Amino acid sequence: MVCHGLTLLRLRCAWQWVGASGGDIFWANNNDENGSRTRLFTRARWRYVWGMSSFSEDDAFEAAAVPLSQRAMARPSAAYLDGLNPAQREAVETLSGPVLMLAGAGTGKTKALTTRITHLLATGTARPHEILAVTFTNKAAREMKSRIGGLMGEAVEGMPWLGTFHSVCAKQLRRHAELVGLKSNFTILDTDDQIRLMKQLIEAAGIDHKRWPARMLSGIIDGWKNKALTPDKVPVADSGAFDHKGVELYAAYQRRLLDLNAVDFGDILLHMVTIFQKHEDVLDQYQRWFRYILVDEYQDTNVAQYMWLRLLAASHKNVCCVGDDDQSIYGWRGAEVGNILRFEKDFPGAHVVRLEENYRSTPHILAAASGVIAANKGRLGKTLFTSRTDGEKVRLIGHWDGEEEARWIGEEVEAMQRGTRGMAPLGLDHMAILVRASHQMRAFEDRFLTIGLPYRVIGGPRFYERMEIRDAMAYFRLAVSPEDDLAFERIVNTPKRGLGDKAIQTIQRTARSNGVSLVEGARLVCQGKLLGGKGLKELTFLVGSLDRWHAQVRAEADTHVELAEMILDESGYTGFWQNDKTPEAPGRLENLKELVKALENFENLQGFLEHVSLIMDNETEEQGEKVSIMTLHAAKGLEFPAVFLPGWEDGLFPSQRSMDESGVKGLEEERRLAYVGITRAEEICTVSFAANRRVYGQWQSAMPSRFIDELPEDHVEVLTPPGLYGGGYGAAGMAASASPAMAGMVGSDLHEKAHSADVYNSPGWRRLQSRSQQRGMAMPSEARNMTIDMTAVSAFTEGERVFHQKFGYGEVIGIEGDKLVIEFDKAGSKHVVAQYVVSADKADDVPF
DNA sequence: GCTCGTCCCATTTTT
DNA sequence: TGGGACGAGC
């Protein structure tokens, strides 16, 4: 069956035509060298060919083989080109040959990228399936899809090859799995499975797993995979770890994965690179197929991704890479800035377009960011500019310690929320606190909880990485394929069935000696009564349940959603969490519901399992106005009117560890992180640092970050009162001698005092407090109290059992002002705002 | 096999 | 300081 000569423009016509007829027959007009032809498609066929439901690659291969004639294509009224600046327009319209789009922060990168795809489609230069467009995140892929749809005026469903590196590669790999010894229904392991597997291998190799933890091996192997190194290609110099058995373990791990018909994230790309290198015919097909390639966030590509791209682009070289070398912050994960720096060498004659007009931030913010990043060497170089002339300088403030920093930011957030210094009130959704490391978040969470400021933490464990989701998935995996040993290991004793290490060893031994899967091994154990009492009974029941579920999956007797619910129910897993009285239990049950809901979007369990590990998001769209707290890494790609950047202290940011491990390279990456942080801000950017901070329970003092010295003074307003720390600084002090002046704050005896327990009684501390208050840095507590709803407190009585979203269950032991004093079962005694507390008996109703 | 106490160690984490 | 891993004891 051949279907070709269609662009989305035509697709639109076809839809309209059908809409008018209301029939089930599609009409498609082909204009190509073969002349005009009219074909009839059924709706199902149409969807099939264009990948709207299940995409058939064979059809598309055929389609791609037919050259497309552009002359017959109607040129669209290119309304989508309006509103592009000259650079963007150049990036959009230079369709042939390699293009590097250097897009600074906030310069309309996504706009240019999506318009470029639209342009390819609308001019008939390429058909949807001839475009390969890769991103790093599902979010970015979704965004691109919807924006292209917006530009085209139609939902774009027919772009089968727009997705993340991993989803696109997984799709390819399912097609060619047998070339690397896999079956096309291979499972994709998550990190947890990976580590459990490696642990087994380490123990089997007789290596001390304490000295060489599985986590480390996992990191090392991931690193090799990121570099596209198969076990036979790992350089000798890299093989010192694990008693020189690292490479051996890697090879063993890869063999084990093949046995399990499984891959890890790294393999998805590595296998495809291997296939392309070894099977020219396959590569050739794809090369002809993907006539245009687009890559988002090119600076974040690792070696494997780079090789994959180069192989695919090698023949036609119509590759457009978009990125910003200044925002490369994933080097520690294998990303190679070198890829983007080398682009012009890799693709001679490459057209480089710089997007430098920023539409996000004020000039001061841009200047500050530029000032910092200028210290990096070996940049491709961009100068961001804006037509804006308004805006505040970047604000800089020092604090005595981390707690005060959190307190100050809390108050500042509340002030902005009310509207401050003539500025309009700002919603909490428009403010963000960006930290270097996630442990810094705690200070803010504690503080915000205390003052009753709603916040949301972005990041943290992904939805599908949560324990309960993995457990549930393991049950589903087993129901679909009983030979999934890893899944069996995971759930055999979850919920508790009295099947501990010994029972599991018996099962494994039996399975191994009979050459069968663990489920079959378990069956033999039951039959041979190789276990005693309770364990045997439970195991027999489990094996029986698994059989039943598997039969139901095959019979398709129930819908997969009902089946999933049944599995969770009958396994006792739902009940397990219902009986669990820890504060997390309600949330976990909620997550399980979410998981079942997510199933509805798939046709069956198999389909769900094949894709879910690549596409499940953590986007539980909580509604409500909340300040966001997240890491700088998580903030990439986002923007907020007001941004707080706390913890700018040497050692914390830039992180000591980065500098120790990667030297100048590490420092430069940290600096890019600073650049990313500053450029997230649209209107107000506040950088802060603390002289003292409790790290692992120890007080430590630190120098202000060297990045603070790099902020150009003309664009910075120092909020810290002059003379506060005994150094004559402020704007003038900074000008005189930036670094020593800022460092002066901790250079005195206060420094030493910080280490002692009576720090709060030190003269320096008292001086700081009184000055802070004089200058309005800390808002008097009376003022804050006025905004608190006192009735909330009165809703509780002493002795009442309550539930708190963070601290769990506890008992009210008193009421002090606007706070409840609660003795928590787990967390001890705390003062908390009533707003976050409910009666214990209502705890189940609250969707915390 | 489970629970509790002790000890150890601690970035960033798109898939 | 606090969470996770592990080993001793029930």
Side-chain angles (χ1 to χ4, degrees), chain A residues 134-142 163-170 188-191 194 199 209-210 213-215 218-219 222 225-226 263-269 296-297 299-302 304-305 327 329-335 402 434-443 446 458-462 464-465 493 496-505 531-535 538 611-618 630-638 647 651-662 666 669-670 672-673 676-677 693-700 826-828:
Chain A
V134 279
T135 63
F136 277 86
T137 64
N138 291 303
K139 197 174 156 200
R142 259 198 318 272
T164 63
F165 274 97
H166 291 267
S167 68
V168 167
C169 278
I188 299 167
L189 299 190
D190 56 42
T191 328
Q194 224 185 98
K199 204 175 206 164
H209 64 278
K210 271 192 164 163
R215 208 164 272 287
S218 157
D222 274 348
K225 289 187 175 177
N226 286 338
V263 299
D264 61 25
F265 282 124
D267 279 335
I268 298 177
L269 269 134
D296 191 19
E297 306 279 16
Q299 78 283 352
D300 289 339
T301 49
N302 60 35
Q305 288 156 339
Q327 292 187 66
I329 54 174
Y330 284 103
W332 51 276
R333 247 186 135 228
L434 312 182
V435 298
R436 177 60 185 66
S438 47
H439 64 75
Q440 292 171 263
M441 293 179 181
R442 173 165 291 134
D446 286 349
I458 296 186
R462 304 250 151 287
Y464 65 85
E465 277 173 5
N493 201 29
K496 299 268 177 288
R497 295 189 175 91
L499 298 164
D501 278 353
K502 221 177 139 212
I504 289 162
Q505 273 171 23
L531 279 178
K534 183 172 174 260
E538 289 275 5
H611 293 284
V612 78
S613 46
L614 292 174
I615 59 165
M616 280 287 262
D617 277 331
N618 197 16
M630 67 186 96
T631 63
L632 287 160
H633 284 90
K636 195 170 98 169
L638 304 178
L652 184 60
F653 186 47
S655 128
Q656 193 58 49
R657 194 154 157 183
S658 278
M659 295 187 290
D660 290 348
E661 282 175 8
S662 317
E669 184 154 312
E670 296 284 306
R672 292 192 289 267
L673 215 38
V676 167
R693 202 174 282 280
R694 219 157 39 170
V695 184
Y696 310 136
Q698 303 287 109
W699 280 100
Q700 286 184 2
K826 296 240 164 90

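The basis for the numbers below is simple: all heavy atoms, side chains too, and nothing from hydrogens, waters or symmetry mates. By convention in this document, chain letters (A, B, ...) are assigned in the order of the sequence lines, proteins followed by strands, and residues within each chain are numbered from 1. The model shown is predicted, which means the values in this text are computed figures rather than measured ones.
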Kindly assign one of parallel, tilted or perpendicular to the pair A/Y696 and A/H439, based on the angle between their ring planes and the thresholds 30° and 60°. tilted

Can you measure A/W699 atom CH2 to C/dT1 atom P for me and round it to whole angstrom units? 12 Å

Base contacts versus sugar-phosphate-only contacts with protein, heavy atoms under 4.0 Å: please encode nucleotides 4-10 of chain C as B, S and - from 5' to 3'. --S----

For the side chain of A/Q440 and the backbone of A/A437, is there at least one donor-acceptor N/O pair under 3.5 Å apart? yes

Do nucleotides 7-13 of chain B as a string where each nucleotide becomes B, S or -: B if the base has a protein heavy atom under 4.0 Å, S if just the sugar-phosphate does, - if no protein is that close. ---BBBB

Please answer whether the main-chain N or O of A/F136 pairs with a side-chain N or O of A/D296 as donor and acceptor at a distance below 3.5 Å. no

Determine the contact category for A/A140: base if any of its heavy atoms lies under 4.0 Å from a base atom, sugar-phosphate if only primed atoms, P, OP1 or OP2 are that close, otherwise nothing. nothing

Please report, rounded to the nearest Å, how far the P atom of B/dT15 is from the NZ atom of A/K225. 18 Å

I'd like to check the ring pair (Phe, Tyr, Trp, His ring centres under 6.0 Å) partners of A/F265; sequence neighbours left out, ordered by chain and number. A/H166

If we ignore hydrogens and angles and just use 3.5 Å, is the side chain of A/Q194 paired with the main-chain N or O of A/L189 as donor and acceptor? no

For a quick test of reading the model, state the closest non-hydrogen atom pair linking A/Q327 to A/Q299 and the distance between them. O-NE2, 3.8 Å

Taking atom P in both C/dA5 and B/dT12, compute the distance separating them and give it to the nearest angstrom. 16 Å

Find the distance A/K496:NZ to B/dG1:P and express it as a whole number of Å. 12 Å

Within the side chain of A/N138, is there an N or O that forms a donor-acceptor pair under 3.5 Å with the backbone of A/T164? no

Starting at atom CZ of A/F165, determine the distance to atom C1' of B/dT15, rounded to an integer number of angstrom. 11 Å

Whole angstrom value for the distance that separates P of B/dT15 from CG of A/L614: 9 Å

Looking at every heavy atom in both A/L638 and A/A634, which two are closest together, and how far apart are they? CD1-O, 3.8 Å

On DNA chain B, does the nearest nucleotide to A/G500 precede the nearest nucleotide to A/F265 from the 5' side, or the other way round? Give the residue. A/G500

Checking contacts here: which listed nucleotide (B/dT14, C/dG3, B/dT15) is nearest the side-chain heavy atoms of A/F136? B/dT14

Which part of the nucleic acid, if any, lies within reach of A/K502 when heavy atoms closer than 4.0 Å are counted: base, sugar-phosphate only, or nothing? sugar-phosphate

So, A/Q305 side chain and A/N302 main chain: donor-acceptor pair closer than 3.5 Å or not? yes

Using a heavy-atom cut-off of under 4.0 Å over every strand shown, decide if A/N493 touches base, sugar-phosphate, or nothing. sugar-phosphate

